[in-house]
Q: 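Take a look at the following structure, please.
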Amino acid sequence: MNILITGGTGKVGSQLIQHLSKEHQILSTSRRHKELESATFPENVRVISVDLEHENSANEIKKQADDLHFNVDVLIHSARNRDYVQPVHGMISRERWIGEYVLDVVVPYELSMVFREQLKKIILISSIYGIVAQNPNIYENYSENALLNYNAAKAAEINLTKNLAVLLRKDGITVNCISYGGIEGRVDSKFMAQYNKQCPLGRMMHEDEVAHAVDFLASGKSTYMTGHNLVVDGGWTIW
């Protein structure tokens, strides 16, 4: 199976590449040129440098995929831009609102349309914050860390999943979404302790657990699922 993964050098994307490349051919995108130059990927992983926020990025990816004779069976959109989740004095600029929305909603829509004739499955990566509001109890300075643009864009990404599922149903394409809870390795011990207290399973997700849900949705075991938001959060959103 040929899989296109956006954001291959990111937290989620790198875990997906590491796991899925064991059995599949991978084409990934990243805007982090320096990380691409220093990274070592398996032979069946090809990575192209592209800024997804550029207006013609979807067509550029399609052109490069065609040049590589890489027909995309599965699209996994996991790209992030962490610069957009940094409020300044509690205020999120219009530029960061627009940038977050473009990356989480517009880009996966464009990629879905450009690769429409090839695709069998689309998997979008959302977040628990697309379902529920941030819990202020786990943030030392909540008013300075309220990521309203990220949360709203992730909610829109879940809705995009449902609408793409309807739009592409006659093309034989299933469209699903995964909303992850917090993943270890990016927060300090104090935040982790607060997070763990609020999570029914009492811990954050381990990095090696990230790919399991994607594995399922990309496989033949999910053929009757479409328009679904699969929540993988240790129970965070059940209370």
Side-chain angles (χ1 to χ4, degrees), residues 1-8 10 12-29 44-46 52 57-59 61-62 64-66 68-80 101-131 153-181 183 205 209-233 237:
M1 187 158 55
N2 291 343
I3 302 176
L4 170 61
I5 302 174
T6 63
V12 172
S14 60
Q15 290 298 317
L16 297 182
I17 288 177
Q18 181 179 328
H19 179 81
L20 295 172
S21 63
K22 295 174 183 176
E23 297 184 8
H24 307 290
Q25 299 295 314
I26 307 295
L27 177 64
S28 184
T29 71
N44 61 325
V45 178
R46 285 165 282 189
L52 292 173
S57 62
N59 288 319
I61 294 169
K62 177 66 162 56
Q64 293 199 45
D66 289 345
L68 293 168
H69 304 290
F70 192 97
N71 289 328
V72 178
D73 301 309
V74 179
L75 165 64
I76 303 173
H77 181 64
S78 65
R80 291 271 323 271
Y101 190 87
V102 166
L103 195 53
D104 292 343
V105 182
V106 178
V107 169
Y109 165 76
E110 291 175 341
L111 288 170
S112 299
M113 295 300 102
V114 167
F115 284 97
R116 184 173 183 171
E117 294 183 0
Q118 300 178 14
L119 287 169
K120 297 179 179 67
K121 294 173 178 286
I122 298 171
I123 303 169
L124 306 184
I125 306 300
S126 187
S127 164
I128 53 173
Y129 287 151
I131 306 170
K154 286 302 181 184
E157 192 168 23
I158 295 170
N159 188 269
L160 174 67
T161 299
K162 300 174 188 296
N163 281 282
L164 279 178
V166 175
L167 179 66
L168 302 177
R169 70 195 190 284
K170 293 185 178 179
D171 295 281
I173 303 170
T174 60
V175 188
N176 292 289
C177 185
I178 301 172
S179 287
Y180 287 117
I183 304 171
M205 176 183 282
E209 294 176 307
V210 169
H212 297 330
V214 173
D215 232 353
F216 168 66
L217 289 178
S219 74
K221 297 178 181 179
S222 62
T223 53
Y224 200 59
M225 288 180 65
T226 195
H228 182 69
N229 179 37
L230 182 59
V231 182
V232 185
D233 66 350
T237 57

Q: I'd like to know if the side chain of T161 and the backbone of G227 have a donor-acceptor N/O pair within less than 3.5 Å.
A: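 Here the side-chain-to-backbone pair does not exist.
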
Q: Is the shortest heavy-atom distance from the side chain of N2 to the side chain of V72 under 4.5 Å?
A: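 Counting from C-beta outward, N2 and V72 never come under 4.5 Å.
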
Q: Can you list the steps and then say if K154 with D104 is a side-chain contact (heavy atoms from CB on, under 4.5 Å)?
A: CA-CA 7 Å; K154 286 302 181 184; D104 292 343; 3.6 Å; yes

Q: Do Y180 side-chain atoms and V210 backbone N/O form a donor-acceptor pair below 3.5 Å?
A: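 A pair under 3.5 Å: yes.
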
Q: May I ask you to decide if A165's main-chain N or O and T226's side chain share a donor-acceptor pair within less than 3.5 Å?
A: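 The answer is no, because no donor-acceptor pair under 3.5 Å joins these two groups.
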
Q: Would you find a donor on one side and an acceptor on the other, under 3.5 Å apart, between the side chain of K121 and the backbone of S219?
A: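 Between the backbone of S219 and the side chain of K121 there is a qualifying donor-acceptor contact (under 3.5 Å).
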
Q: Are the side chain of S57 and the backbone of L52 linked by a donor-acceptor contact shorter than 3.5 Å?
A: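 Side chain of S57 to backbone of L52: a pair is present.
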
Q: Quick check: does any side chain N or O of D171 sit under 3.5 Å from a backbone N or O of E117, one acting as donor and the other as acceptor?
A: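 Here the side-chain-to-backbone pair does not exist.
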
Q: Check the pair L217, T174 against side-chain contact (heavy atoms from CB on, under 4.5 Å), reporting the backbone distance first and the verdict last.
A: CA-CA 9 Å; L217 289 178; T174 60; over 6 Å; no

Q: Without swapping roles, check the side chain of N176 against the backbone of H228 for a donor-acceptor pair under 3.5 Å.
A: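 Yes; at least one donor-acceptor contact below 3.5 Å.
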
Q: Quick check against the 3.5 Å criterion: does H77 have a side-chain atom that pairs as donor or acceptor with the backbone of L103?
A: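 At least one qualifying donor-acceptor pair exists.
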
Q: Would you say L75 and S112 make side-chain contact, with heavy atoms under 4.5 Å?
A: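 A side-chain contact under 4.5 Å exists here.
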
Q: Rounded to the nearest 0.5 Å, what's the gap from CD on E157 to CG on L124? Could you check?
A: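 It is 5.0 Å, given to the nearest 0.5 Å.
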
Q: My understanding is that only one of L167, I173, V166 makes a side chain to side chain contact (heavy atoms under 4.5 Å, CB included) with R169; could you say which?
A: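 Option passing the side chain to side chain contact (heavy atoms under 4.5 Å, CB included) with R169: V166.
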
Q: Tell me, do M113 and L168 make a side-chain contact under 4.5 Å, heavy atoms counted?
A: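 They are in contact (side-chain heavy atoms under 4.5 Å apart), so the answer is yes.
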
Q: Does any non-hydrogen side-chain atom of Q118 lie less than 4.5 Å from one of D66?
A: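 SC-SC contact between D66 and Q118 confirmed.
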
Q: Determine yes or no for a side-chain-to-main-chain donor-acceptor pair under 3.5 angstrom, with S14 supplying the side chain and G8 the backbone.
A: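 Between the backbone of G8 and the side chain of S14 there is no qualifying donor-acceptor contact (under 3.5 Å).
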
Q: Taking the side chain as every heavy atom from C-beta outward, state whether I5 and L20 have any pair of such atoms under 4.5 Å apart.
A: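 They are in side-chain contact.
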
